[in-house]
Chemist: 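Input: one structure, supplied below.
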Amino acid sequence: MEYDVRDLKLAPKGKLRMEWAGRFMPVLESLKKRFSKEKPFQGIKISACLHVTSETANLMEALKLGGAQVRLTASNPLSTQDDIAATLVEDYGVPVFAIKGEDNDSYYTHIHQALEHRPHLSLDDGADLVCTLHSERKELLGHLIGGTEETTTGVIRLRSMAQEKVLHYPIIAVNDAKTKYLFDNRYGTGQSTIDGILRATNILLAGLNVVVAGYGWCGRGVAMRAKGAGAKVIICEVDPLRALEAVMDGFQVMPLKKAAPIGDVFITVSGDKNVITKNHFSRMKDGAIIANAGHFNVEIDIPALKELSQNQREIREFVTEYTLKEGKRVHLLAEGRLINLSSAEGHPAMVMDMSFANQAMSAMHLSSEGKKLRKEVYPVPKKIDEEIAFMKLRTMGVKIDKLTPEQRKYLSGWKEGT
Ligand code: ADE
C-alpha cells in the first residue's frame with residue numbers, strides 16, 4: 001500500500017487516541033453500524049483532504065466500513081496528528097499522505113497522491129483538493145460524481161467557481177448545515193482556539209484585553225469563551241449587522257487600528273487576508289500575542305511583520321518572538337496557521353460527531369444521487385440535518401416535545417388571528 005506518514009511506530013498511541021475520540025462520536029458510531037450492514041459505498045473511491053485528527057480517523061473508518069476505498073491527505077501543513085496518520089495506515093489499511101510540519105511542496109505532492117486512485121467523491125476542507133483537481137488534474141474530473149466541503153472558506157471558493165461556471169461536479173456545503181456551523185464553528189472553534197492559545201503560551205486570560213477580528217459563527221464562539229475565561233473582549237468587524245450583534249452581546253466594538261494599542265491577545269477569525277498589518281503591529285504593546293483561527297494563514301501579514309523586525313526566535317514551541325526595530329516584542333503563534341489544530345487537537349470529538357455525520361451522510365447521498373445533480377454548490381438536504389439533530393439529542397438522552405395535530409394545523413394556516 002502506498003502512503004507517506006512520519007513514523008508507523010506511532011500507530012499504537014494513535015489507535016488509543018482514535019478509540020477515545022470515537023467514544024464521544026455516538027452519531028458516527030451508529031452510522032458505522034448502518035454502513036457495515038448496507039455498504040452504501042461499495043465500488044466507490046473517495047479522496048479526502050481533511051485535518052488528519054482522531055475524529056477524522058473515525059470518519060475514515062465509517063466510510064471504509066461502508067465499502068469505500070479511501071485515500072486521505074491533510075488540509076493544512078500543520079494540523080496533522082502523526083500518530084493518527086500512522087494508525088490509519090497500520091491498523092485500518094487507509095493510505096494516508098500527511099506529515100505534521102510539511103512544507104508547501106510536500107503538502108501539494110500529497111494532495112496529488114491522494115488523487116492517484118481516480119476518486120468518485122472528494123471530501124474537502126478549504127477546497128485545496130477541488131482546486132487542484134480543476135487546475136492540475138483535469139483528466140480526473142470525468143470520474144467525479146460529487147464532493148463535500150467542510151468549511152466556510154472552502155464554500156466561498158466553491159461558490160465562486162460555480163458562479164464562474166467552472167465547477168465540474170456537484171458539491172454539498174457541509175459547513176452550511178445547521179448541525180455543523182451552529183456547533184462546530186461556534187462551540188468547537190470557540191473552545192479549541194482558546195485551548196490552542198493556552199497550550200502554546202500558558203498565559204492567564206483573566207483580566208487581559210482579547211481582540212477578536214471577525215464576528216461570524218467562529219468569532220462568536222471565540223469571543224464567548226474568552227469572556228468566560230475572564231478576558232475583556234473587543235470585537236473588530238466590517239459587517240454592520242454583525243458589529244451590532246456584537247455590541248448587543250455586550251462586547252466593545254471598534255476598528256482594529258484603535259484596538260491595536262489596547263490588545264494583549266489578538267485572534268483573527270475573519271476568513272479574509274491581511275487583517276492585521278504593518279499599521280497594527282507598530283501600534284501594539286510590547287509582548288502582544290497574535291494568533292489566527294481562520295482557515296488559511298493569510299489573515300496576519302507575516303511578511304510585513306518580518307520586514308518590521310530586526311530579529312526573530314522560537315521562544316517556545318509554536319511561539320515566534322519578533323523583535324521590532326524599536327525594540328518592542330510581538331509574539332506570533334503557530335506561524336499564523338490555524339491555532340486550534342496546530343498547537344492543540346482541533347475541535348473536540350463531541351462536535352466533530354455532528355460535522356462528520358453530515359460528511360458521511362452527504363457522501364452517501366452523493367454516491368446515489370450525485371449523477372442527477374447539476375454542477376453547483378448544494379446545501380445538505382434538510383432531512384439529513386434534522387436526522388442528525390435528532391440522533392445527537394437521542395445519544396445525549398434528551399427528549400423533546402412534539403407538535404399536536406391542532407398545533408401543526410395552526411402553524412400552517414392563516415385564518416386564526418385576534
Ligand atoms: N476541524 C476542526 N477541528 C477538527 C478536528 N478535530 N478534526 C478534523 N477537522 C477539524
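Note that ligands are numbered from 1 as they come in the structure, with each ligand's atoms numbered from 1 the same way.
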Chemist: Before signing off on this row, confirm whether Asp125 and ligand 1 have an N or O atom pair separated by under 3.5 Å.
Modeler: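 Such a contact does not occur with ligand 1.
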Chemist: Tell me which protein heavy atom sits closest to atom 10 (C) of ligand 1, plus the residue, atom name and distance to 0.1 Å.
Modeler: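 The closest heavy atom on the protein side is Met352 CE, 3.6 Å.
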Chemist: Which residue and atom name correspond to the protein heavy atom nearest atom 7 (N) of ligand 1, and how close is it?
Modeler: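 Of the protein heavy atoms, Thr53 OG1, 2.7 Å lies nearest.
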Chemist: Could you list the atoms of ligand 1 found under 4.0 angstrom from a heavy atom of Glu345?
Modeler: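 Every atom of ligand 1 under 4.0 Å from some heavy atom of Glu345: 6 (N).
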Chemist: What is the ring orientation for Trp217 with Tyr181, classed by angle as parallel under 30°, tilted 30 to 60°, or perpendicular over 60°?
Modeler: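 Rings of Trp217 and Tyr181: tilted, 30 to 60°.
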Chemist: Counting only heavy atoms closer than 4.0 Å, does ligand 1 sit against the backbone of Asp184, its side chain, both, or neither?
Modeler: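 Near ligand 1, Asp184 shows nothing, with every heavy atom at 4.0 Å or more.
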Chemist: What part of His347, side chain from CB on, backbone N/CA/C/O, both or neither, has a heavy atom under 4.0 Å from ligand 1?
Modeler: both
Chemist: So, taking the atom named NZ in Lys180 and the one named OG in Ser355, what distance separates them when rounded to the nearest 0.5 Å?
Modeler: 5.5 Å
Chemist: Would you check if the distance from the ring center of His134 to the ring center of Tyr169 is below 6.0 Å?
Modeler: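 Ring-ring flag for His134/Tyr169: true, centres closer than 6.0 Å.
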Chemist: Using a strict 4.0 Å threshold on nitrogen-to-oxygen distance, state whether Glu387 and Lys383 make a salt bridge.
Modeler: no
Chemist: Once rounded to the nearest 0.5 Å, what's the spacing between atom CG of Leu8 and atom CG of Asp83?
Modeler: 12.0 Å
Chemist: Can you list the ligand 1 atoms lying under 4.0 Å from a non-hydrogen atom of Glu55?
Modeler: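 Counting from 1, the qualifying ligand atoms are 5 (C), 6 (N), 7 (N).
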Chemist: Kindly indicate, with the supporting measurements, whether the criterion side-chain hydrogen bond (donor to acceptor under 3.5 Å, both in side chains) is fulfilled by Thr73 and His110.
Modeler: CA-CA 6 Å; Thr73 187; His110 285 156; 5.1 Å; no
Chemist: Counting each atom of ligand 1 from 1 as listed, which ones have a heavy atom of Thr56 under 4.0 Å away?
Modeler: 7 (N), 8 (C)
Chemist: Can you tell me if Glu150 contacts ligand 1 (heavy atom of the residue under 4.0 Å from the ligand)?
Modeler: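 False for this residue.
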Chemist: Centroid-to-centroid, Phe35 to Phe41, below 6.0 Å?
Modeler: yes
Chemist: Are Lys178 and Asp385 ion-paired here, with the side-chain N under 4.0 Å from a carboxylate O?
Modeler: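 Result for this pair is no, no salt bridge flagged.
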Chemist: May I ask you to check whether His51 has an N/O atom sitting below 3.5 Å from an N/O atom of ligand 1?
Modeler: no
Chemist: Compute the minimum heavy-atom distance from Leu50 to ligand 1 and say whether it is under 4.0 Å.
Modeler: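 The answer is no, since Leu50 has no heavy atom less than 4.0 Å from ligand 1.
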